Amino acid sequence: MASSPFLSQIPINNKTISFSSSLSPAFPFPPSTLSRRKRNPNALRVQAKIREIFMPALSSTMTEGKIVSWIKSEGDVLSKGESVVVVESDKADMDVETFYDGILAAIVVPEGETAPVGAPIGLLAETEEEIAEAKAKAASKAGGSSSPATPISPPATSTPVPAAISQPPPAPAAPEGPRKTTATPFAKKLAKQHKVDINKVVGTGPYGRITPADVEAAAGIAVSKPSVSPASPAAAAAPVKPVASSSAPPPLPGSNVVPFTSMQAAVSKNMVESLSVPTFRVGYPLTSDALDALYEKVKPKGVTMTALLAKAAAMALVQHPVVNASCKDGKSFTYNSNINIAVAVAINGGLITPVLQDADKLDLYLLSKKWKELVEKARAKQLQPQDYNSGTFTLSNLGMFGVDRFDAILPPGQGAIMAVGASKPTAVADKDGFFSVKSKMLVNVTADHRIIYGADLAAFLQTFARIIENPESLTL
Amino acid sequence: MRDLQNEHHMKALGLQVAAAGYDRQGVADHANNLATKIRNNLTNSMKALGVDILTGVGSILGPHKVQYGKLDSPGNIVTAKDIIIATGSVPFVPKGIEVDGKTVITSDHALKLESVPDWIAIVGSGYIGLEFSDVYTALGSEVTFIEALDQLMPGFDPEIGKLAQRVLINPRKIDYHTGVFATKITPAKNGKPVTIELIDAKTKEPKDILEVDAALIATGRAPFTDGLGLDSVHVERKRGFVPVDERMRVLDFKGDPVPHLYCIGDANGKMMLAHAASAQGISVVEQLTGRDHVLNHLSIPAACFTHPEISMVGLTEPQAREKAEKEGFEVSVAKTSFKANTKALAENEGEGLAKLIYRPDNGEILGVHIFGLHAADLIHEASNAIALGTRIQDIKLAVHAHPTLSEVIDELFKSAKVKAHASGPIVNEPVAV
């Protein structure tokens, strides 16, 4: 579907890009180079007559593309300039033309699969004889390449679930000998897509026909979406309840596998990384009556508990710089000149840590204002990397849920993280033996023992407690 | 239904739709109520115009004389100055196919949607078959096409047909058998499914036997002209169709027009489309009221209401090239894609193609074919141009509102390369506003 460039104010340019190139990878791809090459085709005709069709870079930002559909099929004769395949770039679908005449010998990357820019997606043979050679090449390439182009892998929506066979394909006795295997149109399509031999699939549909579910079971794929079915008028169609599947053992039948979003993947990566750091934990009970009283006073001015705690932590860190340090290479202290308190926030099924930079230098009200801005930006997914990567100490508060104490995991690149619980009225005895009820709040700090030792941490906590219990200094 | 189910499409637009379902009876009722409503509207309009409606089976007794009444009963005789036959057509069922109205159906039954089969075979891949495949796949059925010719969708321009296949058939749960006839179709009974015996269209050898849940016969429509009494005016039907000339006058066996007798619509077989019948009727009425009129059938558009729609007017590319060779002129083709259209992109329905076949020497439009969103509405600019004999160079500077889909047609005209110049500037007296 080539279209000529036409006069349009709309900036989207529908120029089709034509190219396939010979095997020598030294040639850059920009069309200008190709048009130059057009004049000397013979000079560039390298020994191989089988040309690879590469995934084109359809925009400067594109790193990989998805094959929307193959316009031509294996075995089709191609003439120069004909559209061969439709590729989805980050902006639009583009028709890709072939630069050479020939026969489309093999499709290396089938429809629906992605390939990185520059990876071969198809092979063009010049003559019929070379088709077999090209096919062999395609098979070897598919086996050896690390790109996700293997046509063999089932294009399941999630990581291949081996347990689709938790509903084992029903093993009935062979159905009352239908003369031929009848398979529904969609079953045939799926069989082709997943390279299942349809003749070997047992049909469980009416009259023994092979249904799409049979093919999917044979291919080892969990039946993904429910097919369209008339909803019974009485019941509303209930969406499938997503049951989080446990990690390594095969998920239970009825569970739903949902792949990580990029945020969740990042969190997972960080947490796993933290396993390589030796950590220890120290807890401290704080009396939070004074803090609570202060909070009531400053709440109408827009100050949140987060800001109060962050300010207090920052002030304590001024006096204990080692707790604000980190161990980047395992053999040295990296003392940070700024005190940037990252605060853990749960948003939209994810976790992010916006950073209050120079928390010790800003006054409480400014800190609160900054915090509010950061939260809004986080919700709108507008945080810049320095808004969440620059933390030197992290604060995590689960008190709002009533949690009294918990252990936080140390984020990579930091020395310590403080976990704050709820303040609860507790009966305490003082040294004279008198009982009173005070609001007690438990804080627990996890720290990297390569740089922060027990005494350091305890001292820090003592300072922190003193600030919290005499909070007038916070408002300075 | 298809849109709501298309999670990918919805997500791209930023929408979340909980699992969408449908109630078959509700869908069927909507269709039937619609048909009834339209029929009533039409009847009322006619009554309002002073039309007398006589109900019964009619047959011609002689010039100016018509008898009507119930079947097999004498009935009444009326006389009229002019008689127009517009008895239409019925679905054509080839022999060997047994229709039971439940598992083997025609388009008439299908419109009632009494059931949605899991797997339905559609015999015939013309626009009727295509439209029904669109409906059935949206409601969750799987479809198998059975086509006698070697190409699916034979009546369409081949390039459009290929694109339509890519969009309307390949990604859907549809497969097909081409070059085969269905010689025998047996409805489902006694626990056995509908069986279809296929033979090769050329060699007539048995090819395959299909077992499906239902079969839809969409092999075309046959004229409904039995018992019209045409013998009394010496008219011979050709394969059931009433022969007419370009003015819709019925021709007798000698080829002379029978005075005061006309035939319009599917019954004459010239162009079996509702709006063509309507246009033919208007042409006849013009003549009856004293103004001669000959309908240019090449300017009548046709549309296929799939999603996306297909529409066309004029000649297909092969037909145009054939004509060009015979008459010795050049043919050029201009194409635009819906992907470049702002409105189509906003709707995330960029899949589409518009094609203009024209004469580069004088700018005459030979044919326009559109496949895409609202194609059936967009074709009229082109069909109007053909009807008025407008040349491309005269129409290409017209302005189209933005953002609309009509800009696809605008781009089409603008990208045509015509050697002739626009015929003299239309004198525009500056209008004082």
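Since we're looking at a predicted model, the values are computed, not measured. Order of the sequence lines fixes the chain letters, A, B, ..., with proteins taken first and strands second; residue numbering starts at 1 for each chain. Values below: every heavy atom of this structure, side chains too, minus hydrogens, waters and symmetry copies.
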So which part of Lys355(B) gets closer than 4.5 Å to some heavy atom of chain A, the side chain, the backbone, both or neither?
neither

Smallest separation among heavy atoms of Pro185(A) and Lys173(B), with atom names
CB-O, 3.7 Å

Go through the steps to decide whether Val86(A) and Arg166(B) satisfy the test side-chain contact (heavy atoms from CB on, under 4.5 Å), and finish with yes or no.
CA-CA 11 Å; Val86(A) 182; Arg166(B) 182 150 82 84; 3.6 Å; yes

For each of Ala334(B), Gly191(B), Pro403(B), tally heavy-atom pairs with chain A at distances under 4.5 Å, and name the one with the top tally.
Gly191(B)

Pairwise distance CD1(Ile174(B)) to OG1(Thr184(A)) - rounded to 0.5 angstrom
12.5 Å

Below 4.5 Å from any heavy atom of chain A, which atoms of Asn170(B) appear? Answer side chain, backbone, both or neither.
backbone

Considering all heavy atoms of both residues, which atom of Lys189(A) and which atom of Ile169(B) are nearest to each other, and what is their separation?
NZ-O, 3.6 Å

Rounded to the nearest 0.5 Å, how far apart are CG of Leu210(B) and CZ of Arg209(A)?
10.5 Å

Which bit of Val116(B) is near chain A, if near means a heavy-atom gap under 4.5 Å: side chain, backbone, both or neither?
neither

Assess whether atom CD of Glu317(B) is packed by more than 12 heavy atoms of other residues, nucleotides or ligands within 6.0 Å.
yes

Nearest-0.5 Å distance, CD of residue Glu142(B) to OG1 of residue Thr211(A):
8.5 Å

Other residues, nucleotides and ligands only: do more than 12 of their heavy atoms fall within 6.0 Å of NZ on Lys184(B)?
no

Are Lys192(A) and Asp175(B) ion-paired here, with the side-chain N under 4.0 Å from a carboxylate O?
no

Count the heavy atoms of every other residue, nucleotide or ligand shown that sit under 6.0 Å from NZ of Lys396(B), and state whether that count exceeds 12.
yes

